[in-house]
There are 2 protein chains.
Amino acid sequence: MREGQIPGATVARLPVYLQVLIEAAEAGIGVLSSDDLARAAGLNAAKVRKDLSYLGSHGTRGVGYDVDGLAHQLSRALGLVEDRPVLLIGVGNLGRALASYGGFERRGFRIVGLIDAAPEVIGQEVAGHQVLPVSELEALVAAEGIGVAVLAIPAAHAQGMAERLVAAGVRSILSFAPTYLSVPEHVTVRRVDLATELQILSFYEHAGPRLPAAPSRHRTGSTARPV
Amino acid sequence: MREGQIPGATVARLPVYLQVLIEAAEAGIGVLSSDDLARAAGLNAAKVRKDLSYLGSHGTRGVGYDVDGLAHQLSRALGLVEDRPVLLIGVGNLGRALASYGGFERRGFRIVGLIDAAPEVIGQEVAGHQVLPVSELEALVAAEGIGVAVLAIPAAHAQGMAERLVAAGVRSILSFAPTYLSVPEHVTVRRVDLATELQILSFYEHAGPRLPAAPSRHRTGSTARPV
DNA sequence: GTATGTGAAACGCTTCACAGCA
DNA sequence: TGCTGTGAAGCGTTTCACATAC
C-alpha cells in the first residue's frame, strides 16, 4: 500500500464506525473499546483496530477509544467536517423518499436542490425544496459548489444525465438506476440496485446455509447490536 | 476454496452479468464474448471468464457465450428459475417507492405482501396490494412460503422486526434501516444505507482523485454501456 | 491487568499468461 | 485464428499474536 493510503475495504467501513460512535455519543457513552465497536458493527476487534490505525493512533491502551474524539477523526477522514451539498436528480417515488429521509443532516449531507425533467413535477414543493428543471442544473452545481449528486431516474436517462453532471463539475455520483455508467477516470460512481441485492440474497438462500460466504456489502451474520 | 463453492465476490457479480444478458437478449443479441460482457459491466474479461467458469463451462471457444443459455444458467445459480415471493415491511416513502418499482418481476421477484404498523396506513391500497397489519406477518410468510423480506422501517424497530421475521421462517433480509441487525447464523442480512454510500463517495472526493481505490460495491470507472 | 497498535502469516480475490478447443 | 477455461503468480484484506503503553 502506498504511503498514507487507506485501503478501500477500510474506507467502506469508516461510515459504519462513525454511525456507531454517533449513536454511542447520543446515548451518553464516552469510551468504546475495539471490542465494543466490533460487536456493534458486526465485525471483529482486530479488524476495527487495524482500520482505525490507518487514521493514526487515537485510542488509549488499556482503555479504549474516546467516542467524541474518534467521531471527529472519522468525520475529518471522510471529508465531513462541514455538511456537503448534494443534488438530487429525479423526483419520482424514490426521489421523494430520499428527499424526505431525515437522516442526512445528521450524517454530514445537505440536499440543496431537486431536479426533474417532467413539467408536471417542476415547481412542486418537495421536502422544503422547489423542484427545478434540468436546465438549472449547471447553474445550481456552480452556485452551491456541488460535488455529489444522487441519480434517481430511469436507466434509459442515467448515462446522459451522468455525462451532464460530470460536465457541470460533479465528481461523485450515487446512482439508483439499474444500469452501468461510463464516466471519466476522476469521477466515482456507486450504484445501488435493489434487484441486485435481492438476487445476491437469493443465491445464499437457494444455495443453502453456506457457512462462510459474504460478498461485498454490509452483511450481518452473528452477533451485532445497535448501541 | 471448498469444492463447489462460488466465491462471495463472484456471487455479488452474477446479478450484474444476468442483467447485461437480459438486456442483450431484448436487443436481439445472441452471443456475447467475455470482453463484451466485461465492457458492459465495467469489469475486465479475465474476471468475467473466471466468474462464469465457477458455474461450469457454458461458453464456446473461439465464439463466446450464448446469451439465452448463459442467462438461464445464471438464473438457476441464483435460484431464480421461478419468481421468489418477497414481503415488504414498512410502507412509508421508501416502502412505497420499492412497492411501485416495476423492475422486480422482470428480475425474478414478486412482492406478495405489504405490512405496516401504522393504523392509518393499514388497509390502504398501495401498488395493487392492501397494506396488512403486523399481526398478519406470520400467517403471510407461512401461506406464501416467503424466504426473503425487505425492511423499510425506522432503525429503532428494525431489530425487533428482524427477530419476528426470522422466527416466522424468513432466511434473507434486505434492510434499509441504518442500524446493524443481529440474526442467527443461518440468516443472511444485506444492508443498504444511503448515508453510508454518500460518505464513501465523500471520502474519495475529499481525498482527491486517488488512482486505484474502489471498495466493495458496484463502481464504474471507465467504459461501460447501458445496452 | 487491560486494551491498543502492528508486524507477519494466512487467506481470498484478481490478474496474468497460455494451453485447449472450436 | 479467436476466444474460452484455468493453473499459477500477484496483490489486497483479514486474522493472528504479541510487544507496547496506560
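Nothing here was measured: the structure is a model prediction, and the numbers come from that model. Note on naming: letters A, B, ... go to the chains in the order of the sequence lines (proteins, then strands), and numbering restarts at 1 for each one.
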A/S33 backbone acceptor or donor facing A/D36 side chain under 3.5 Å: yes

Presence of B/N44 side-chain N/O under 4.0 Å of C/dT14 phosphate oxygens OP1/OP2: no

Closest to side chain of A/S53, choosing from C/dT14, C/dT6, D/dG5: C/dT6

Residue A/R13, side-chain heavy atoms: nucleotide from C/dT14, D/dT14, D/dT6 that is nearest: D/dT14

Nearest-neighbour nucleotide for the A/K47 side chain, D/dG5, D/dT14, D/dT13 considered: D/dT14

Polar side-chain atom of B/S100 near backbone of B/R96 as donor-acceptor pair, under 3.5 Å: yes

Nearest-angstrom distance from the residue atom OH of B/Y54 to P of D/dG7: 10 Å

side-chain N/O B/Y65 vs C/dA22 OP1/OP2, d < 4.0 Å: no

Atom-to-atom span, CG of B/D51 to C1' of C/dC13 - whole angstrom: 10 Å

A/D35/A/R39 salt bridge by N-O under 4.0 Å criterion: yes

Contact list for residues 150-170 of chain B, test salt bridge (Lys or Arg N to Asp or Glu O under 4.0 Å), sequence neighbours left out: B/E138-B/R164

B/S34 side chain near D/dT4 phosphate (N/O to OP1/OP2, under 4.0 Å): yes

Heavy-atom donor-acceptor pair, A/S75 side chain to A/V81 backbone, under 3.5 Å: no

Sugar-phosphate, base or nothing in reach of A/D35, heavy atoms under 4.0 Å: nothing

Salt bridge (charged side-chain N to carboxylate O under 4.0 Å, His left out) involving B/R107 - partner list, sequence neighbours excluded: A/D193

Under 4.0 Å protein heavy-atom contact, by nucleotide of nucleotides 16-22 of chain D - B base, S sugar-phosphate only: -B-BBBB

Interatomic distance where CG belongs to A/L43 and P belongs to D/dT13 [whole Å]: 15 Å

